Amino acid sequence: MEDLPDALIGEIVKRVSSTSDLSSLSLVSKRLYKIEAESRHTIHIGCSLRPATDAIVSLCSRFHNLSKVDINYSGWTQDHGNQLDNHGLRILSSYCLSLSDITLSFCSYIDDTGLGYLAFCKKLITLRLNSATKITSSGLLAVAVGCKNLSALHLIDCNKISGAFEWLKYLGSDGSLEELKVKNCVGINQYSLLMFGPGWMKLQRFVFEFRNIYSIFEPKDPSYVANCQYRYDFSCENLKQLSLRRIVTVEEIGLRSLLGKCKSLEKLCLHFVLGLTDSDMITLAQNCSNLRSISLQLEPVFCEGPEGRVCRTPLTDESLKALAGCRMLQVVELTMFGCDYAYPEIGFTQEGLMMFFQSCPIRDLVLCGANIFDDEGMKALSSAQFLQTLELMDCVYITDAGMCLLADSPSLVNLTLRQSDGFSDVGVGEVVRARKLNSLIVEGCSRVSQKAVLGTAKSVRYERYYPGYGKLRRSSLSFEQD
């Protein structure tokens with residue numbers, strides 16, 4: 001080692017990923033201690049950092065080339081001592097001038113003052129705030145003004161961000177934001193996001209989600225006028241990834257209007273979007289020729305049908321026909337919650353699903369809660385030329401006869417079966433004997449035994465649930481096999 005140049009040893013040290021291994025390495029000699037310190041670009045800080053202020057001074061003095069810092073106080077209690085506070089962030093921003101990626105999770109001692117110190121991090125590119133309970137719009141504005149290179153902002157469970165959204169307006173007009181994620185921030189609604197204005201043109205990845213059920217009392221769009229979209233005439237032609245969850249767009253246009261504007265869209269997740277219609281899917285398919293991945297999670301709502309008002313999932317075969325024209329669509333999730341074979345209904349039919357599966361070059365498919373799908377539908381899956389990965393969950397009408405059809409699937413190498421009791425060892429055994437599977441996952445399928453899956457794939461996970469003592473008891477097996 002003594003004959004090796006420092007630069008080569010530095011390259012070796014960079015390839016050591018374990019923090020404990022790096023710490024042990026630094027104890028071998030003063031030379032390694034110095035090289036390891038200069039090579040360390042990432043640290044994770046949590047409850048074990050105490051006393052917090054003294055420790056952060058020590059860390060920053062040693063690791064002055066830090067570019068990524070993750071501060072996470074999940075699970076913190078008073079017994080852990082004081083958390084890192086505003087003064088700690090001031091030290092961090094003063095010592096580590098190369099910081100480009102900062103995550104603050106459950107940091108209850110940090111408020112807008114502390115966040116304001118990050119404005120001195122001129123190289124900051126990514127900022128993630130998770131359960132930052134004292135951060136408001138004022139702190140975000142300081143970061144927006146000071147960090148000109150900020151390209152990714154994640155806000156999760158930050159419930160004091162409300163009122164004035166000058167930070168969002170500033171980022172939209174003068175910022176370089178390419179990724180914006182807003183999850184479960186009760187003070188930010190979809191109409192607040194209209195203030196992002198010209199920023200939509202730069203944005204490439206956008207996530208807007210709520211954890212809770214729909215609220216019919218969500219604020220309405222104050223500028224809404226029927227058949228007039230003037231507030232929604234912004235461009236978002238560079239948006240490649242879009243995820244919307246638990247938002248309401250019944251009477252207003254809202255963020256649903258993005259579906260007709262994202263001409264570069266490649267990945268779409270629409271989970272429980274109230275107000276979603278077939279027209280939206282048709283518009284999407286007509287405008288997004290690059291669509292490669294779609295995830296639809298649907299639950300019953302009251303819809304107007306040919307026979308009057310019915311309770312069903314909002315999308316029908318008209319949506320499937322439109323999406324069938326997306327010739328680059330390879331990854332698909334279709335999940336239906338809370339539906340029964342009789343009522344509430346699923347808007348799709350088995351014939352519609354079969355047409356869709358056979359029309360698109362689907363490589364990865366998740367089909368969940370499809371009580372309209374049976375052995376006849378499995379014929380379409382078994383003949384899908386490109387299907388490599390298949391997950392079936394709560395598809396109760398698939399029997400051994402349907403499973404056996406998968407034995408003839410031309411490309412299937414990964415199979416996941418969850419919470420389905422219609423098939424048994426017979427059907428699964430037929431598949432694994434005919435296919436050389438890379439992975440097999442069986443969870444909660446009461447008629448499939450552990451014996452049936454042993455040695456059937458390179459990677460196998462098996463879990464079975466047994467009722468007992470008033471709750472489910474789980475037996476599991478997981479192993480890798482060459």
Side-chain angles (χ1 to χ4, degrees), residues 43-57 59-60 66 68-96 99-122 124-147 150 152-171 175 177 179-189 192-193 195-196 207-212 219:
I43 61 170
H44 300 271
I45 298 171
C47 299
S48 60
L49 189 74
R50 48 185 177 177
T53 302
D54 293 342
I56 198 65
V57 170
L59 287 172
C60 292
L66 287 175
K68 182 176 181 179
V69 175
D70 184 349
I71 304 174
N72 190 333
Y73 280 100
S74 176
W76 176 86
T77 66
Q78 290 289 346
D79 294 337
H80 290 113
N82 291 334
Q83 290 188 12
L84 192 72
D85 57 13
N86 294 334
H87 183 55
L89 276 192
R90 183 178 184 181
I91 294 170
L92 187 65
S93 60
S94 300
Y95 278 72
C96 303
L99 281 175
S100 61
D101 189 317
I102 298 176
T103 300
L104 304 178
S105 300
F106 302 94
C107 296
S108 57
Y109 283 32
I110 293 175
D111 57 23
D112 290 340
T113 300
L115 200 65
Y117 293 130
L118 298 185
F120 297 106
C121 300
K122 301 303 180 182
L124 188 64
I125 295 174
T126 300
L127 175 62
R128 304 178 188 87
L129 301 178
N130 183 7
S131 297
T133 57
K134 294 184 178 180
I135 300 300
T136 72
S137 294
S138 297
L140 289 177
L141 180 59
V143 172
V145 173
C147 302
L150 190 68
L153 177 62
H154 297 188
L155 305 174
I156 303 172
D157 292 312
C158 298
N159 292 329
K160 290 197 72 175
I161 301 174
S162 60
F165 290 94
E166 292 302 315
W167 60 274
L168 191 59
K169 186 176 181 180
Y170 189 92
L171 286 173
L177 213 60
E179 179 175 321
L180 176 61
K181 293 186 179 181
V182 180
K183 296 184 178 182
N184 309 318
C185 297
V186 296
I188 304 176
N189 63 55
S192 307
L193 293 163
M195 294 187 68
F196 195 45
V207 176
F208 186 65
E209 299 181 359
F210 283 101
R211 180 188 300 112
N212 298 326

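Just so we're clear, the structure is a prediction, and the values are computed from it rather than from any experiment.
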Is the number of heavy atoms from other residues, nucleotides or ligands within 6.0 Å of [atom1] ([X]) greater than 12?
X	atom1	answer
His87	NE2	no
Tyr109	OH	yes
Arg90	CZ	no

Roughly how far apart are [X] [atom1] and [Y] [atom2], rounded to 0.5 Å?
X	Y	atom1	atom2	value
Leu155	Phe208	CG	CZ	11.0 Å
Asp101	Cys121	CG	SG	11.5 Å
Ile91	Leu84	CD1	CG	8.0 Å
Ile125	Leu99	CD1	CG	11.0 Å
Ile110	Thr133	CD1	OG1	10.0 Å
Leu92	Leu118	CG	CG	7.5 Å

Trace of the side chain to side chain contact (heavy atoms under 4.5 Å, CB included) decision for Asp85 with Asn82: CA-CA 8 Å; Asp85 57 13; Asn82 291 334; over 6 Å; no

Shortest non-hydrogen contact from [X] toward [Y]:
X	Y	value
Ser74	Cys47	O-SG, 4.0 Å
Ile135	Ile161	O-CG1, 3.6 Å
Ser192	Gly187	OG-O, 4.5 Å
Leu89	Ile71	CD2-CD1, 4.3 Å
Ser131	Cys158	N-SG, 4.3 Å
Cys185	Asn159	CA-OD1, 3.7 Å

Is a side-chain donor or acceptor of [X] paired with a backbone partner of [Y] at a separation under 3.5 angstrom?
X	Y	result
Ser137	Ser162	yes
Asp111	Asn86	no
Gln83	Ser108	yes

Heavy-atom side-chain proximity of Leu49 to Leu59 below 4.5 angstrom: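 Side chain of Leu49 against side chain of Leu59, heavy atoms only: contact under 4.5 Å found.
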
Side chain to side chain contact (heavy atoms under 4.5 Å, CB included) between Leu129 and Leu115, intermediate numbers included: CA-CA 10 Å; Leu129 301 178; Leu115 200 65; 4.1 Å; yes

Test log, rule side chain to side chain contact (heavy atoms under 4.5 Å, CB included), inputs Glu209 and Lys181: CA-CA 8 Å; Glu209 299 181 359; Lys181 293 186 179 181; over 6 Å; no

Plane angle bin for Trp167 and Phe165 - parallel if under 30°, tilted between 30 and 60°, otherwise perpendicular: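 Because their plane-to-plane angle lies in the 30° to 60° range, the rings of Phe165 and Trp167 count as tilted.
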
Residue pair Ser105, Tyr73: steps toward the side chain to side chain contact (heavy atoms under 4.5 Å, CB included) verdict: CA-CA 6 Å; Ser105 300; Tyr73 280 100; over 6 Å; no

Partner of Ile45 under side chain to side chain contact (heavy atoms under 4.5 Å, CB included), chosen from Thr103, Ile56, Asn72, Asp70: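 Of all the options given, the one that passes is Ile56.
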
Asp157/Arg211 salt bridge by N-O under 4.0 Å criterion: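 Here Arg211 pairs with Asp157 in a salt bridge, since their nearest N and O are under 4.0 Å apart.
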
